[in-house]
Structures are given as structure tokens and as C-alpha cells.
Amino acid sequence: MAQPLSTQSQGVTLADLPKSWTYTSSLPPDKRFPTPATSHKLPRDQIGPREVRNAAFSWVRPEEQKDPELLAVSPAALRDIGLKPEEAKTEDFRQFVAGNKLYGWDEEKSEGGYPWAQCYGGFQFGQWAGQLGDGRAISLFEATNPETGQRYELQLKGAGLTPYSRFADGKAVLRSSIREFVVSEALNALRIPTTRALSLTLLPHSKVLRERVEPGAIVLRFAQSWIRLGNFDIFRARGDRTMVRKLSTYVAEEVFGGWEKLPGRLENPENPTESAPPKRGVSATTIEGEGDAAENRFTRLYREIVRRNALVVAHWQAYGFMNGVLKNTDNTSVYGLSIDFGPFAFMDNFDPSYTPNHDDHHLRYSYKNQPTIIWWNLVRLGEALGELIGIGPDVDDPSYIADGIKDEQEASLVARAEKLITQAGEEYKATFLEEYKRLMTLRLGLRTCKESDFQVLFSDLLDAMENLGLDFNHFFRRLSNIHVADIATPEARLEKASVFFHSEGPPPVGSSTARQTIAEWLEQWRSRVVEDWELDDDSSAKDEDRIQAMKRVNPNFVPRGWILDEVIRRVEQGKEREVLDRIMHMATHPFEDSWDGQTIDGVQWKGDAEEEQRWISDPPRTERAMQCSCSS
Ligand code: AMP
Ligand code: MG
């Protein structure tokens with residue numbers, strides 16, 4: 001629940017926000033600009049795309065922007081970064097989020113912390129795509145929230161050309177920036193691990209050519225880490241084993257907070273469910289040198305990344321979210337975040353084959369393929385880390401570090417790496433399934449999960465939803481609102497079944513068959529709820545608790561494609577601005593029954609009751625399961 005204002009932290013100013021440059025001080029820069037000063041001296045228009053080798057990043061500053069217009073800010077983001085709410089109204093803030101004001105860099109002395117773009121590569125559509133990198137994203141600094149101690153890396157997307165821009169222009173259009181701004185904050189409010197967004201800025205003088213000429217924009221986004229699987233791929237592809245090791249060590253020590261935070265050795269590798277969750281806090285020294293199994297610390301790092309990604313996919317599947325361009329290792333986060341939002345979507349009608357990507361004719365990015373695709377990407381990471389994993393207990397042997405593996409070590413190394421990666425695959429499946437079941441159990445309003453629930457409740461429900469064309473997220477919200485007392489008889493269940501259909505009524509399979517299918521499922525569900533909550537004849541108070549618990553996990557609002565399209569149209573053509581605050585407010589408080597007039601976070605919200613109602617109702621018939629192109 002939201003904290004009352006009085007106990008909320010007040011936040012600090014941008015100037016007082018603690019800043020660091022850990023990524024750039026720990027990893028090697030592009031040799032062409034060994035120091036920030038060498039990059040800063042170069043006129044901005046001389047920075048262009050090229051190959052960058054043996055480096056984790058290039059120093060590069062954002063382009064200057066004329067008359068940036070700050071369109072919207074996420075109050076939740078301000079709070080989580082640790083900034084004062086009033087800070088967002090200052091001139092410094094407006095210039096900062098447009099890339100015009102740098103913090104940390106001393107212009108006169110030509111020294112200090114400086115912005116940078118990451119070097120990474122990636123497999124795209126299953127093929128090696130070479131060097132990619134931050135082609136239009138520029139990181140500014142890491143900020144530590146003084147209250148919570150949480151550190152985030154702040155980054156501008158759409159801030160101009162970098163050495164990694166390849167054939168493109170370094171810009172982002174308003175349309176896709178609105179989508180990223182809203183969805184980042186919406187996913188976070190649904191407790192789905194994700195990168196975040198602080199602000200959306202319109203660049204009034206920027207004209208960006210895509211399928212048509214469009215307005216340009218910048219999103220200030222932030223994350224615990226922007227490192228992707230592709231950051232490892234690039235070094236592996238170039239045979240740069242020193243950098244693979246350096247980056248792994250950086251990720252373990254700086255991103256995950258130390259080797260000792262990584263999962264301990266599996267007790268029973270044959271059956272990862274039995275030992276999940278793995279012991280945490282087992283120090284590296286107890287792990288190293290344990291003979292042939294020798295899961296060394298790099299294996300534990302791999303497993304941490306695998307587990308985090310299993311958790312995020314479980315969330316996507318449980319909430320019907322699709323990234324849209326997943327089979328790209330550059331779009332898979334080491335921290336296990338939803339990242340790089342292009343043609344993403346929340347599912348409308350439940351359809352496992354739905355893909356939000358207009359160009360995805362092979363359904364590579366479809367809902368049902370997401371868990372497999374992420375594992376495919378993680379196997380590529382396993383290959384990048386393969387030598388470090390496979391060398392086992394000899395990973396710190398100086399001759400191995402200096403010269404690599406000897407011929408006679410190769411066979412056992414490959415065998416060990418394969419074994420450990422396969423084992424991590426089992427752990428991925430087990431972690432995914434456990435989390436998916438946990439989330440679905442919560443969504444169905446149950447406190448415990450029985451083995452039989454999987455078939456009787458989950459599978460039968462998903463089959464019914466697919467066959468009857470029911471809306472995935474609406475289903476759970478509407479189910480939340482049903483009192484078990486109201487579905488006690490077959491007649492009552494048949495009648496209640498109607499609430500799950502679209503407003504145009506049940507699908508053409510015949511309304512009585514459709515209602516019958518749902519009524520039968522409701523009967524199963526009702527008996528599980530009664531058992532699980534120990535409801536007796538006189539337990540309306542407990543049932544009310546169950547309803548409240550369900551509403552806290554089943555959103556009333558998700559930013560669907562058609563709603564985002566409407567907002568984009570109104571902002572671009574109608575020059576509306578406040579509609580962005582309203583969608584952001586609903587996206588960041590998705591579990592409310594209504595918003596207009598409600599007091600949330602201690603403030604009475606002035607919304608638009610008619611608009612809210614439309615946005616939580618059935619999607620218009622012609623605007624369901626929309627698809628989106630990749631151009632952004
Ligand atoms: P994406 O398909 O958005 O994940 O991007 C793939 C790669 O292309 C990344 O390295 C991006 O930084 C780069 N990229 C995409 N769009 C642009 C653009 N407009 N300007 C520069 N680089 C871009
Ligand atoms: Mg990407």
C-alpha cells in the first residue's frame with residue numbers, strides 16, 4: 001500500500017543526489033578516447049559509428065537540444081531515485097533530462113564523471129549480428145537513493161549519435177518514447193522486474209524520418225544495470241577472454257553486490273526443484289576446489305543470471321506481457337529486467353500464438369515462445385562463459401589466466417561446461433515453473449497451491465479462455481469481484497459466467513455452451529477457494545479478504561496497444577499534455593477500482609471518469625491484438 005505522505009521521504013535535489021561512475025571506472029574505455037577530456041574536445045558532429053575493440057564503453061556526451069519541452073514525469077520514479085517531487089519543476093531538471101546539463105563534469109578543469117555509451121553485440125533473429133551497442137542511449141551516472149541505498153544507472157534514450165549508432169540516426173520518435181515511458185512504469189507497478197522511466201521530453205526542433213517524418217523525443221530511463229547478454233557475446237565473438245572475465249567479475253561484484261550473494265551449489269543437481277531456492281550466502285571459498293563437480297564462482301554467476309531471467313519470464317507469462325523482439329541477446333538483461341521496449345504488448349484475448357510484432361511471420365516472439373527463447377539466449381551466454389565455467393577449480397590458476405587452456409584440458413573442459421549448462425537449464429525450468437505457479441495461484445485468489453491446481457484450475461482455464469476468446473487480464477479482475485456466495489448454485493454460476501464475455505456477448509460457439517464451460521470451471525474454482533480460505537457458511541468477512549487480496553494482484557488497468565495509440569494521437573495531433581499524467585497515474589496505480597476523486601498517496605486525484613471507464617472496459621472490437629512495427 002502507498003505510504004502516507006507524512007512518512008514519505010522528502011527526497012533531495014539533483015545536485016545533492018549521490019552520484020558514481022562505477023561502470024566506467026571499473027572497465028576499460030574505447031582506446032580512441034582514453035579520457036573524458038579527449039572525447040569532450042571533439043566536436044559533437046564528428047562522433048560517428050565505428051568498430052570499438054577491447055573496450056566496454058566509449059565516452060560520449062548527449063547532443064545539445066534546443067527548447068526541450070518536458071511533457072511528463074513519473075512521480076514513482078522521482079521517489080525511487082530519491083529526488084524531491086518539486087525538483088521536477090525546476091529549470092535544471094528540464095535541461096538535465098534533455099541532456100543539456102551534465103552533473104559531475106567540471107568544464108573548466110576538464111575533469112570529472114562523464115557520460116558514456118556501452119559496447120555490446122548480439123544475436124538477432126537467431127543470427128550473430130556483430131557489434132551493436134548503445135546507438136542512441138547515453139548513460140549519465142549511477143545515482144544512489146540516500147534513503148534506500150538503491151543504486152540506479154540513469155540513461156537518456158534518443159540523445160544523439162554514438163560510436164555504436166551503425167546506420168541509424170541516434171534519435172527516438174515521440175510515438176515509441178511515449179510507449180516506453182508508460183510501459184516501464186506500468187510493469188514496475190505490476191511488480192514485474194523492469195527498467196524504469198523518469199521523464200518524457202519532446203524535442204520541438206527535431207524531425208525524425210521513419211515511415212514518415214515524426215517528432216523526436218528523449219526518455220530518461222534508469223535501471224540497476226543496463227548490461228545485456230550481448231555485452232558478453234561481443235567479447236566472446238572477438239575471442240577477448242580477458243574482457244569476458246573482467247565483465248563477469250564486474251557483474252558479480254558491482255551489479256549483484258558480491259560473489260557471496262550468488263546462489264550456492266545445488267545440493268541435488270539432478271533435481272533442482274528439491275534444492276530450490278538454492279542456499280544463498282555461501283562464500284566462494286567453500287565452493288571452490290570441491291573436486292570434479294567444481295561449480296566455480298563463474299558457474300554460480302551464470303546460474304544467478306539464469307534464475308533472474310526465469311523469474312522475469314514467469315511474470316510475463318502470468319500477466320500476458322510480450323516484449324516483441326526477444327530473440328535478440330542484446331534485448332535480454334543480465335539483471336533479469338524487462339528491457340528495450342519496441343513492439344511490446346499486453347495480451348487482450350488469450351491467444352498463445354499472438355505476437356505483437358507485425359514483422360514476426362514465424363511467431364518467434366509469440367507469447368508461448370517466450371520461455372524457450374529466453375533459454376536459447378541464455379545458452380549463448382553459457383557459451384560466452386563456457387571456458388570460465390568449464391575450467392572448474394582451476395579458474396584462478398595463473399597460467400590459465402595468462403595463456404588460456406592447454407590442449408589436454410579441452411575435452412574435460414567442454415564436458416564440464418556442457419554438464420553445468422544443461423544443469424542450469426533444469427534450474428531455469430524449475431525456477432520458471434515455481435514462480436509461474438506462485439503468480440497464477442495468487443491471481444486465482446488462493447493462498448496455497450495444490451498439485452492438482454495446475455490441471456484443474458490453470459490449464460482448463462487457459463483452454464477455456466482461448467476457445468471462448470476471453471480477455472486475459474479482464475478475466476482475473478472480474479473473477480476477483482465475485483463473492484463465492486454468489487456462485488453457490490449451478491444456475492447462479494451460469495448467470496455469473498456472462499460477466500467474462502466481451503460486451504458484444506459470448507462467441508459464436510453458442511452462448512449456452514460457452515456459459516456452461518465457464519460455469520463448470522467456476523464450480524471447481526469455488527470449491528478450491530472455500531477449502532483454501534476455510535470458508536464456512538458465515539464467512540463473508542474472510543471472502544472479502546480474499547477479494548481484496550485478489551484485487552492487489554489483478555490489475556484493473558494495463559496499457560494496451562489501443563490505449564497507447566489513442567494517447568499518442570492526442571499528444572501528437574491534439575497537443576494534449578495532461579492525458580500523459582492521467583495514463584501514468586493509472587499505470588502506476590493499476591489495482592484501484594477507480595481513480596478520479598480517489599485519494600492516493602495522500603493526494604486527491606483529479607482524473608477523467610469517462611476516459612478511465614473507457615480504458616478499463618473492453619477494447620474496441622477492431623483494436624484487439626494489435627501489432628506494431630519495429631521502427632522506432
Ligand atoms: P533494437 O532493435 O532497438 O534493440 O536496437 C538494436 C541496435 O540498434 C541497438 O544497438 C540500438 O542502439 C541500435 N539502434 C536502434 N535504433 C537506432 C537509432 N535510431 N539510432 C542509432 N542506433 C539505433
Ligand atoms: Mg535493443
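We number each residue from 1, following the sequence as shown. The structure displayed is predicted, hence computed values, not measured ones.
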Query raised in the report: In terms of heavy-atom contacts, does CD of E623 have more than 12 from other residues, nucleotides or ligands at under 6.0 Å?
Result: yes

Query raised in the report: Got more than 12 heavy atoms from elsewhere within 6.0 Å of CD, E451?
Result: no

Query raised in the report: Would R546 and D543 satisfy salt bridge (Lys or Arg N to Asp or Glu O under 4.0 Å), going step by step from the backbone distance to the final call?
Result: CA-CA 5 Å; R546 189 265 314 161; D543 199 33; 2.8 Å; yes

Side chains of [X] and [Y]: is there a donor and an acceptor less than 3.5 Å apart?
X: Q423; Y: E427; result: no
X: Q224; Y: E153; result: no
X: H474; Y: D348; result: no
X: Q370; Y: N323; result: no
X: E185; Y: S74; result: yes
X: R477; Y: N554; result: no

Between [X] and [Y], is any pair of side-chain heavy atoms under 4.5 Å apart?
X: P193; Y: R308; result: no
X: T588; Y: F557; result: no
X: L461; Y: L444; result: yes
X: F256; Y: Y335; result: yes
X: R624; Y: R560; result: no
X: F346; Y: L564; result: no
X: R303; Y: L262; result: no
X: E578; Y: D581; result: yes

Six-ring centre of [Y], [X] cation under 6.0 angstrom, axis tolerance 45°:
X: R582; Y: W595; value: no
X: K437; Y: F458; value: no
X: R179; Y: F344; value: yes
X: R443; Y: F472; value: yes
X: R297; Y: W259; value: yes

Would you call [X] and [Y] a salt bridge, using N to O less than 4.0 angstrom?
X: E304; Y: R300; value: no
X: R307; Y: E435; value: no
X: E566; Y: R569; value: no
X: D618; Y: R478; value: yes

Query raised in the report: How about F350 and Y367: are their ring centres within less than 6.0 Å of each other?
Result: yes

Query raised in the report: Hey, do the aromatic rings of Y152 and W226 have their centres closer than 6.0 Å?
Result: no

Query raised in the report: Do D536 and K542 pass the salt bridge (Lys or Arg N to Asp or Glu O under 4.0 Å) test, and can you show the C-alpha distance, the side-chain angles, and the key distance before you say yes or no?
Result: CA-CA 9 Å; D536 47 41; K542 266 203 229 166; 5.4 Å; no

Report task. I would like to know whether K429 and E426 meet salt bridge (Lys or Arg N to Asp or Glu O under 4.0 Å); could you show each step before the answer? Result -> CA-CA 5 Å; K429 267 191 252 169; E426 293 305 314; 3.5 Å; yes

Query raised in the report: Can you name the nearest heavy-atom pair linking L190 to P590, along with the distance?
Result: CD2-CG, 3.9 Å

Query raised in the report: Looking at G257 and E260, what are the two nearest heavy atoms and their distance?
Result: O-OE2, 3.7 Å

Any side-chain to backbone donor/acceptor pair from [X] onto [Y]? Under 3.5 Å, distance only.
X: S338; Y: T194; result: no
X: N331; Y: V325; result: yes
X: R228; Y: D330; result: yes
X: T355; Y: N357; result: yes

Requested in this report: Identify which one of N309, T332, N328 satisfies the side-chain hydrogen bond (donor to acceptor under 3.5 Å, both in side chains) criterion when paired with N377.
Outcome: T332

Requested in this report: Could I get the full list of side chain to side chain contact (heavy atoms under 4.5 Å, CB included) partners for E544, not counting sequence neighbours?
Outcome: H483, I547, Q548

**Report entry** Residues forming a side chain to side chain contact (heavy atoms under 4.5 Å, CB included) with N369, sequence neighbours excluded
**Finding:** S366, I373

Query raised in the report: In terms of ring plane angle, is the pair H589 and H585 parallel, tilted or perpendicular, where the classes change at 30° and 60°?
Result: tilted

Requested in this report: Assign the ring pair F321 / W316 to parallel, tilted or perpendicular, where the plane angle (0 to 90°) is split at 30° and 60°.
Outcome: tilted

**Report entry** With Y302 via ring pair (Phe, Tyr, Trp, His ring centres under 6.0 Å) - residues at least two apart
**Finding:** none

Query raised in the report: Got a second to check how far W615's CH2 is from I563's CD1, nearest 0.5 Å?
Result: 7.0 Å

Query raised in the report: Is there a side chain to side chain contact (heavy atoms under 4.5 Å, CB included) between R191 and V553 once you walk through the steps?
Result: CA-CA 9 Å; R191 304 178 199 96; V553 293; 4.3 Å; yes

